[in-house]
Structures are given as structure tokens and as C-alpha cells.
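Accompanying notes for the structure given below.
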Amino acid sequence: MSGEAVHTHAEPSQDGAAHGKPAAPVSMLTSAEQRSAARQLTLAMLALGLLALGLIWRFFAPEQVGVSQLLLGAASLLVAIPVVSAGWHSLRYPSLHGITDQLIALAMLGAWATGDLMTAALLPIIMIFGHVLEERSVIGSQEAIQALGKLTRSHARLVTADGSIREVDNGTLVAGDQVEVRAGDRVPADGRVISGQASLDTAPITGESVPLEARAGMDVFGGAINLDGLLRIEVTRIGNESTLGKVIALMQNAERSKPPITRLLERYAGSYMVLVLLIAAVTWFITNNAQAMLAVLVAACPCALVLSAPATAIAGIAVAARHGILIRSSAFLEELADLTSLVVDKTGTLTFGSLRLQSVQAVNGEPEGVLSLAASLGAASSHPVSRALALLVNKDQLLPLEDIRERQGLGVVARTPHGEAALGRPELFEQLGIATTAVPDHDGPIAGLAVNGAFVAWLLLADSLKPEARQALAELRELGMGRQLLLTGDRQSVADSVGREVGISDIEAQALPEDKLNRVMGEIKNGFRPMVVGDGINDSLALKAGVVGVAMGAGGADIALASADIVLIGSDLRRLGTCVRLSRQCRHTLQVNVIIGLGWTLAIVALAAFGVLGAAGAMIAAVLHNLSTLLVLGNAGRLLRFHEPIAKFHNSPQA
């Protein structure tokens with residue numbers, strides 16, 4: 001039977017990572033649920049033994065009917081305990097699963113009333129084992145969550161204030177701690193690489209099979225495995241605030257959510273029960289066949305129909321997580337299939353959201369060491385342009401500086417091994433009396449570099465387009481989202497340039513958060529179903545308003561992640577197409593499952609009502625019922641074969 005224990009544990013534990021405890025893996029079942037499930041199986045096994053013994057006694061000693069009936073009666077009484085308990089529980093707490101509990105309880109009582117003790121015993125036994133199979137499939141999603149939970153539990157090599165290394169539990173780390181990660185170790189928490197270089201396996205978090213080449217300045221995820229090299233990392237986020245903690249919380253929320261079709265079935269659950277009882281009563285009145293009536297009650301158990309939506313949703317959520325896509329609610333697996341437009345942010349979404357060196361315009365060719373010199377001077381300043389230049393080389397390649405003088409808002413001057421050097425805006429060189437070449441026409445920050453009073457080069461920086469952006473948006477157009485809008489708070493010239501590169505002509509620049517919200521609401525008012533993609537605080541209103549909101553998980557603001565329906569952990573835009581294709585596959589699977597669940601149930605009920613199932617109709621109906629459940633679960637399981645590897649772009653920037 002489903003009962004109290006069988007269906008209450010479908011909701012995952014509220015403890016552990018969901019509440020910020022990074023160490024504890026997710027519990028599969030509470031101790032009470034484990035005891036109840038074990039008790040049901042034990043009673044079913046004992047009842048099965050008594051039932052077999054009673055049938056053997058009837059076969060070899062047909063004249064001793066009383067002994068055989070006594071054994072069958074004892075078997076039916078044993079399984080009556082979970083049957084009655086489940087039926088009573090379902091009356092107090094109505095649910096879709098409760099309909100099955102009530103129908104089986106009625107069928108068992110009907111078998112008792114007609115003196116059919118074998119049916120009264122065997123029917124609940126068959127249903128108990130069938131529900132164990134159902135529960136095993138539901139628990140499978142919790143196993144995926146538990147596996148992620150284990151990734152949050154590890155040891156860390158903490159670098160203490162005096163430089164020594166101390167091994168601690170990663171649950172004791174706080175933001176600002178520095179840890180050492182050796183080859184073969186798991187990154188203990190989200191952080192930023194301070195020094196070192198290594199290849200990281202991030203597949204458990206982002207779904208990316210190609211190792212990430214980590215180096216100084218890059219953000220890394222807790223749970224990633226260091227394949228080689230030695231890294232020193234400064235911890236930035238821990239526990240529930242870490243990427244992996246958010247992944248686990250999102251999976252738990254998604255698993256608990258109910259697809260729209262499940263909510264529809266729940267609305268009519270009471271009417272369905274009344275209809276089944278009427279059919280059973282009419283069958284009894286017309287045929288005067290108790291077995292036919294019992295078979296109708298058993299055949300009408302809607303387990304396959306009830307499981308069709310959750311089984312499909314859980315499989316879809318698990319597949320999405322494997323591809324680095326976190327779905328907050330299973331309802332959006334259906335919403336994604338019918339999107340007709342795209343509203344996308346620029347900075348941090350189509351672009352990396354950080355300044356990078358685009359080109360160097362040197363006076364006499366690019367001199368030797370210009371990048372290391374620019375990076376060294378940049379490291380001496382806190383200006384965003386200087387910080388971007390400081391990442392051009394590894395820290396061990398930075399030159400020693402003396403007599404550093406920062407000109408606020410203009411640049412920095414210092415003595416280097418190559419002589420007196422200056423890095424900054426064109427105005428800096430005017431003040432220093434250094435003649436420069438013509439300032440390049442560039443839509444972005446520009447920094448000049450001079451050594452010993454001689455101008456050396458212009459360094460042109462910009463926020464670069466993600467290499468996969470054009471391909472990703474082209475895929476979405478092929479999938480039916482031909483209407484695409486670019487909304488950004490950036491300048492019109494920058495927005496137009498990005499729009500041309502990715503093939504978007506409808507552009508709104510210098511947009512405030514309310515402007516983005518109004519544009520999304522206008523799309524919906526005009527009959528479109530927009531997917532909204534963004535990563536920043538200014539995108540949160542639009543993300544919430546869209547039919548489906550997708551946030552960039554790697555660098556997205558917390559409020560954007562909270563407002564979105566879907567989070568792309570790896571922030572690869574090509575996963576937007578994966579979302580849509582997976583959603584359509586899920587919808588097709590769900591439709592097939594509903595047809596199996598509803599069609600099979602109606603067919604068995606019809607066969608039972610007309611007495612086609614014969615003298616053992618109730619037991620045959622129970623077997624056929626479990627077979628339909630297995631068909632639904634098997635069809636949903638086919639989704640697990642969905643796999644879309646994506647090619648690695650080698651020109652991705654450092655974080």
C-alpha cells in the first residue's frame with residue numbers, strides 16, 4: 001500500500017544544504033519512514049508466506065477447508081493493518097495517492113464481505129510490492145540530491161596567518177579564508193584563485209565535460225576537482241550561499257513543485273472517487289458478480305495517471321541538472337516548450353561583463369614586455385581599467401615597482417626596471433608633457449603607456465561578446481523564437497554594435513529596471529510568450545515578469561538568481577536551446593504517459609465491469625494496474641538518455 005510512509009517521504013528533507021548546512025548530506029528517509037516502510041514489507045512477506053501455505057494446504061488436503069481458510073484469513077489480517085491505516089490516513093489528508101489507498105481498502109473489505117479470503121490477502125500484497133517499485137523511482141531523484149550533498153562535505157587545507165597549513169572541515173570555513181588545493185583534492189568552497197594554475201573538473205556542478213583551466217583571478221566553484229597543479233584560493237561563498245548549495249536547494253524546490261497537470265487531477269480527485277464507486281455499484285447491480293465489482297475498484301486506482309506528471313518532471317529535472325541547468329519548478333518544463341520571443345540583457349549575458357584587452361596599438365610595433373609592464377602598473381591601482389590590465393599576466397611575471405604615484409582618475413606613474421613608466425588616460429600624458437600618437441577611435445576604455453618620457457602604445461579595452469552568443473541566438477530562432485529584443489542599460493552605440501554581432505535588430509539601450517519590466521509586460525500584452533535572460537540586479541523585475549526567466553548562474557547577482565525560474569550554472573548561452581529542446585521532449589513524454597495512464601485505466605475498468613477478467617478479476621486487475629505503472633515509469637526513464645554535449649570554445653576569457 002501507499003499509506004502514510006509510502007508517500008510522505010516524496011518530499012525531500014528540509015535539512016542540510018537547503019538551510020545553509022554545507023556539511024550534511026541529504027537524508028533519503030526519516031527514521032520513522034524507514035520503520036514504516038520496513039514494517040509494510042515485513043507484513044507483506046509474512047502474509048505471502050501464509051497465503052502460499054494456505055493454498056498448498058487446500059491443494060493437498062481439500063477436505064480440511066477450515067485450516068486453509070484460517071491460514072488465508074490470517075494472511076489477509078496481516079496486510080489489513082497497512083491497508084486500513086493508509087485508507088484512514090487518506091481520508092484525513094486527501095490526495096491523489098489517497099484515492100488508491102481508499103479503493104484498495106474498499107476492495108479488501110468487499111472481498112471479506114463475499115468470503116473471498118484469498119483475494120482479500122493477495123490483492124493488498126500485489127499492491128504493496130507495486131508501490132514499492134513506484135517509490136523506488138521517486139526516491140531516485142533524492143539520490144541525485146544526496147550525491148550533490150556529498151560534494152559539499154570535504155576537508156580543506158586552511159592557510160593560517162603564519163603561513164602554515166592546517167587541515168579542517170570545510171564547514172568551518174568563512175569568507176576571506178585562504179585554502180590550498182592540491183592535485184586530486186576537491187575545491188572546498190566557492191572562491192577566487194590567488195595563485196597557481198590547474199585544470200578543474202567542474203562536471204558535477206556545471207555539466208561541462210571539458211576541464212576548466214583555472215589561474216590567478218578566476219572564480220571557481222566548490223565541489224570541483226583539481227586534476228593537476230597547485231592552487232591557492234580565497235574563499236568567497238560558503239554553505240547555502242555557495243553555487244553548489246544553491247544547486248541543491250533549487251533541486252529540492254523543483255522536486256517538491258507540482259506540474260500543472262497534477263494540480264488539475266487533484267482538483268477533480270473527489271469527483272473521480274464518486275464516479276468509480278458508481279461504476280462499481282452499477283457493475284454489481286447488473287452482473288451480481290462480486291469479483292467484477294472488486295476488479296473495477298482495483299482497476300480504477302489512478303497510480304499510473306498520478307505518476308505520469310511527477311515521473312516525467314523528475315526525470316527532466318535530473319537531466320537538466322546534468323547539463324548544468326537548474327529548474328526551480330517543474331511547471332517551467334512545460335512553459336519552455338511554447339515560448340515565442342526572447343528578451344535578453346547584454347552585460348554579463350551576451351557579453352562577459354568584464355573589461356578585457358582587445359588590441360594594442362604600439363608606436364613602433366609591439367615592444368617586448370609591454371603587457372607585463374602594463375599589468376605591473378595596473379596592479380598598483382584600484383581603477384577598473386587598471387584591474388583588468390593587471391590580469392594580463394600571472395602574478396609571478398609582474399615587475400617590481402618603486403616610487404608609485406597614482407594620479408586620481410588619470411593613471412599611475414612608477415619606477416620600473418625599464419625606467420620611469422606611466423599608464424593612464426590621454427590627459428595623464430598631457431600633464432606629464434609626453435607627446436602621444438592620435439587617440440584611437442574606440443568605443444570603450446583606452447589606456448596609454450609610456451617609458452622614460454617616450455610614448456609606447458595605446459591599449460584598447462572592452463567588454464567582449466561571448467563566443468557562443470551568435471550560435472545560441474541562431475538556435476533559438478530556429479526553435480521558434482524569431483522575435484528577439486536586446487535590452488541594456490549601456491550606451492546606444494555599444495548596444496547597436498553587440499546587436500549587429502548577434503543578429504538582433506530590435507534594441508533598447510540605456511534602459512532602467514522599470515523600462516525592462518515595461519517592455520516585457522508589453523511583449524506579453526501583445527500576445528508573445530517571452531523568455532527573459534539576464535544576470536544583474538537591474539534584470540530581476542524583468543526576469544520575474546517573463547513567462548520564463550533565465551539567470552546566468554556563474555556571475556549572476558543573488559537577486560537575479562532568486563527572481564529567475566531557471567539558472568544556467570555554467571552561463572553557456574547554448575544551454576538555452578538545450579532547455580527548449582528538453583522541455584519539448586518532456587512534454588511529448590508527458591503526453592504519452594497521460595495516454596498510457598488514462599487509456600490503460602479506462603481499458604481495465606471496462607474489462608473488469610464486463611466480467612472479461614474472469615473469476616480472479618481483482619487480482620488480474622491488480623497485476624495489470626502495476627504493469628501500467630511500470631510502463632509510465634519506463635517511458636519517463638527514457639528521458640534520462642537525453643544528452644547534448646557542447647563544444648568547448650578556446651577563446652573564453654579569464655574571469
Side-chain angles (χ1 to χ4, degrees), residues 259-261 263-264 325 327-351 469-552 556 559-568 573-584 586-587:
I261 191 168
R263 295 195 294 269
L264 181 65
I325 304 164
I327 299 175
R328 297 173 65 90
S329 168
S330 56
F332 293 99
L333 282 172
E334 298 179 46
E335 299 281 5
L336 274 164
D338 296 318
L339 297 174
T340 58
S341 69
L342 173 72
V343 177
V344 63
D345 175 48
K346 180 188 76 69
T347 306
T349 304
L350 292 177
T351 66
R470 176 184 289 274
Q471 176 188 340
L473 267 59
E475 284 184 2
L476 292 178
R477 284 191 284 270
E478 292 175 2
L479 290 170
M481 279 179 270
R483 180 176 174 83
Q484 298 183 345
L485 296 81
L486 175 60
L487 298 184
T488 178
D490 213 333
R491 302 185 306 278
Q492 187 71 49
S493 60
V494 176
D496 289 340
S497 175
V498 171
R500 283 193 300 271
E501 289 190 67
V502 297
I504 296 180
S505 57
D506 195 342
I507 300 168
E508 183 173 333
Q510 296 177 310
L512 298 173
E514 55 267 31
D515 297 328
K516 294 186 177 185
L517 172 63
N518 292 334
R519 191 62 187 269
V520 172
M521 297 300 290
E523 284 290 291
I524 296 174
K525 186 177 180 180
N526 291 332
F528 294 100
R529 295 175 55 79
M531 170 195 281
V532 181
V533 187
D535 79 314
I537 294 174
N538 62 341
D539 300 316
S540 57
L541 293 175
L543 287 170
K544 200 72 175 176
V547 173
V548 175
V550 183
M552 300 289 105
I559 189 170
L561 298 180
S563 302
D565 307 307
I566 293 171
V567 178
L568 301 185
L573 289 167
R574 289 171 293 178
R575 286 305 184 199
L576 295 174
T578 300
C579 287
V580 176
R581 285 186 288 269
L582 175 59
S583 174
R584 292 177 180 177
C586 284
R587 183 173 65 177

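Note that these values count all heavy atoms, side chains included, but never hydrogens, waters or copies made by symmetry. Only a predicted model underlies this, so the values are computations on that prediction, with no experimental measurement involved.
- Between Asp565 atom CG and Lys544 atom NZ the span is 7.0 Å, to the nearest 0.5 Å.
- The two residues Ala545 and Leu517 come nearest to each other via the heavy atoms CB-CD1, 3.5 Å.
- With sequence neighbours excluded, the residues satisfying side chain to side chain donor-acceptor pair (under 3.5 Å) with Lys516 are Asp345, Asp539.
- For the atom pair CD (Glu475) and CG (Leu573), the distance works out to 10.5 Å, reported to the nearest 0.5 Å.
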Test side-chain contact (heavy atoms from CB on, under 4.5 Å) on Leu568 and Val533; report intermediate values, then the result.
CA-CA 10 Å; Leu568 301 185; Val533 187; 5.7 Å; no
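- Atom CZ of residue Arg529 and atom CZ of residue Arg483 lie 15.0 Å apart, to the nearest 0.5 angstrom.
- Nearest heavy-atom pair, Leu543 versus Val532, reported as atom, atom and distance to 0.1 Å: CD2-O, 3.3 Å.
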Item to complete: Applying side-chain contact (heavy atoms from CB on, under 4.5 Å), run through Leu336 and Met531 and close with a yes or a no.
Response: CA-CA 8 Å; Leu336 274 164; Met531 170 195 281; 3.6 Å; yes
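- Put simply, the side chain of Thr340 never gets that close to the backbone of Phe528: no donor and acceptor are under 3.5 Å apart.
- Take Ser505 and apply the side chain to side chain contact (heavy atoms under 4.5 Å, CB included) test, not counting sequence neighbours, and it matches no residue.
- Nearest heavy atom pair, residue Val343 against residue Pro530, reads CG2-CB, 4.1 Å.
- Checked against side chain to side chain donor-acceptor pair (under 3.5 Å), Asn518 has no partners two or more places apart in sequence or in another chain.
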Q.
Test side-chain contact (heavy atoms from CB on, under 4.5 Å) on Ile504 and Val498; report intermediate values, then the result.
A. CA-CA 8 Å; Ile504 296 180; Val498 171; over 6 Å; no
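- For the atom pair CZ (Arg584) and CG (Asp338), the distance works out to 7.5 Å, reported to the nearest 0.5 Å.
- Heavy atoms only, all atoms of each residue included: Val548 and Leu339 are closest at CG2-CD2, 4.1 Å.
- The shortest distance between side-chain heavy atoms of Ile325 and Leu582 does not fall below 4.5 Å.
- Scanning for side chain to side chain donor-acceptor pair (under 3.5 Å) contacts around Asp496 gives Gln492, with sequence neighbours left out.
- Taking 4.5 Å as the limit, every side-chain heavy atom of Leu350 sits out of range of all side-chain heavy atoms of Thr488.
- Expressed to the nearest 0.5 Å, how far CG of Leu576 lies from CE of Met481 amounts to 7.5 Å.
- Among residues at least two apart or in separate chains, salt bridge (Lys or Arg N to Asp or Glu O under 4.0 Å) pairs with a member in residues 500-512 are Asp506-Arg519, Glu508-Arg519.
- Arg477 is linked by a side chain to side chain donor-acceptor pair (under 3.5 Å) to Gln484, counting only residues two or more places apart in sequence or in another chain.
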Worksheet item: After noting the C-alpha distance and the side-chain angles of Val550 and Cys579, does the key distance pass the side-chain contact (heavy atoms from CB on, under 4.5 Å) rule?
Response: CA-CA 10 Å; Val550 183; Cys579 287; 5.8 Å; no
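- Closest heavy-atom contact between Ala542 and Val520: CB-CG2, 3.8 Å.
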